[in-house]
Amino acid sequence: MATDAGERTKRRHEGTGIGTPAVAAAVLTGVVALYIALVAFGNITDFDSNQQFVRHVLAMDTTFKDDDLMWRAVESRALQDAAYVAIIAWETLAALTLIAGTALWIAGLRGRGDGYARARRVSTTGLLMLVLLFGGGFIGIGGEWFAMWQSEDWNGLDAATRVVTLCGIALLVVHLPFVGRRSSGADGADPARSGDVDA
């Protein structure tokens with residue numbers, strides 16, 4: 001009986017040690033959360049710096065100014081600033097989502113809550129928000145539609161690529177199959193004992 005209880009405890013804690021996938025997922029989610037929170041904070045407290053970046057990208061005034069492309073330019077300051085405010089709001093929401101995801105990973109590692117399933121869902125949501133912003137927004141729309149790649153002065157493609165790469169790695173780790181904590185069933189059975197994987 002004691003042996004069974006010890007084995008159950010051992011298996012329940014399997015996958016929660018330093019260097020395990022669950023810890024890696026928590027750390028990566030936390031790192032991305034910290035990064036985007038600082039980005040959003042910087043944009044709010046130093047509003048003008050990246051406001052100029054967004055204005056120049058949308059105005060396409062430092063591109064090759066090809067007549068076949070310049071019709072895409074957005075020269076309205078109101079629209080430019082609205083786009084910038086929307087970016088900041090999206091970054092802030094993504095940061096809050098990833099902070100929540102990090103907290104859920106930590107709770108799962110400590111045996112609280114419903115295990116890793118919710119942490120995985122929330123973290124995935126936050127990471128995909130950043131992939132949409134930096135991949136779809138900056139690389140796709142900014143880089144190609146507004147020809148940001150042509151600008152030597154206002155070019156954020158390298159930074160956007162780094163963020164998308166980091167988020168991609170985090171998504172892969174978050175979705176690795178690993179044994180994790182789960183809430184016990186109604187009959188008190190321990191899911192880890194049956195070898196279930198929190199997928």
Side-chain angles (χ1 to χ4, degrees), residues 9-45 50 83-143 156-185 189-199:
T9 300
K10 179 180 178 181
R11 297 193 66 172
R12 179 178 287 275
H13 286 272
E14 186 178 358
T16 63
I18 297 297
T20 57
V23 174
V27 170
L28 280 170
T29 302
V31 167
V32 180
L34 174 64
Y35 169 77
I36 197 61
L38 292 175
V39 169
F41 180 77
N43 286 337
I44 293 170
T45 56
N50 280 328
Y84 182 44
V85 170
I87 289 171
I88 295 175
W90 190 263
E91 290 171 342
T92 302
L93 183 58
L96 293 174
T97 302
L98 288 169
I99 290 170
T102 303
L104 289 169
W105 281 114
I106 294 172
L109 289 168
R110 299 180 67 178
R112 299 174 181 173
D114 61 354
Y116 299 135
R118 190 176 176 203
R120 180 172 282 153
R121 289 193 301 271
V122 173
S123 299
T124 298
T125 299
L127 291 168
L128 288 178
M129 289 177 69
L130 295 184
V131 171
L132 284 172
L133 176 62
F134 288 92
F138 286 93
I139 297 176
I141 296 175
L157 291 177
D158 286 344
T161 300
R162 288 196 297 270
V163 176
V164 172
T165 301
L166 178 59
C167 289
I169 294 171
L171 280 167
L172 288 174
V173 174
V174 164
H175 285 274
L176 285 175
F178 52 82
V179 175
R181 295 180 186 272
R182 287 173 141 177
S183 298
S184 296
D190 182 4
R193 188 175 185 181
S194 62
D196 285 352
V197 175
D198 186 12

Would you list the atom pairs, donor with acceptor, under 3.5 Å between side chains in residues 156-175 and any protein atom, with sequence neighbours excluded?
from: T161; atom 1: OG1; to: L157; atom 2: O; distance (Å): 2.8
from: T165; atom 1: OG1; to: T161; atom 2: O; distance (Å): 2.8
from: H175; atom 1: NE2; to: T124; atom 2: OG1; distance (Å): 2.7

Applying ring-ring contact (aromatic ring centres under 6.0 Å, His included), name anything that partners Y35, two or more places apart in sequence or on another chain. none

Please list every donor-acceptor pair under 3.5 Å in which a side-chain atom of residues 126-143 meets a protein atom from a residue at least two apart or in another chain.
none

Please name the residue in the list T29, V122, I36 that meets the side chain to side chain contact (heavy atoms under 4.5 Å, CB included) test with T97.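 For T97, the side chain to side chain contact (heavy atoms under 4.5 Å, CB included) check succeeds only for V122.
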
Quick check for you: to the nearest 0.5 Å, what is the distance between L38 atom CG and T45 atom OG1?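 Interatomic distance, L38 CG to T45 OG1, rounded to 0.5 Å: 10.0 Å.
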
[X]: what forms a side chain to side chain contact (heavy atoms under 4.5 Å, CB included) with it, not counting sequence neighbours?
| X | value |
| --- | --- |
| V27 | V23, V31 |
| L96 | T92 |
| I106 | T102, R110 |
| I99 | A33 |

Ignoring hydrogens, what is the shortest heavy-atom contact between G101 and A119? Give both atom names and the distance.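 The answer is O-CB, 4.1 Å.
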
Check S123 against L98 and note the closest heavy-atom contact, atom names and distance. O-CD2, 3.7 Å

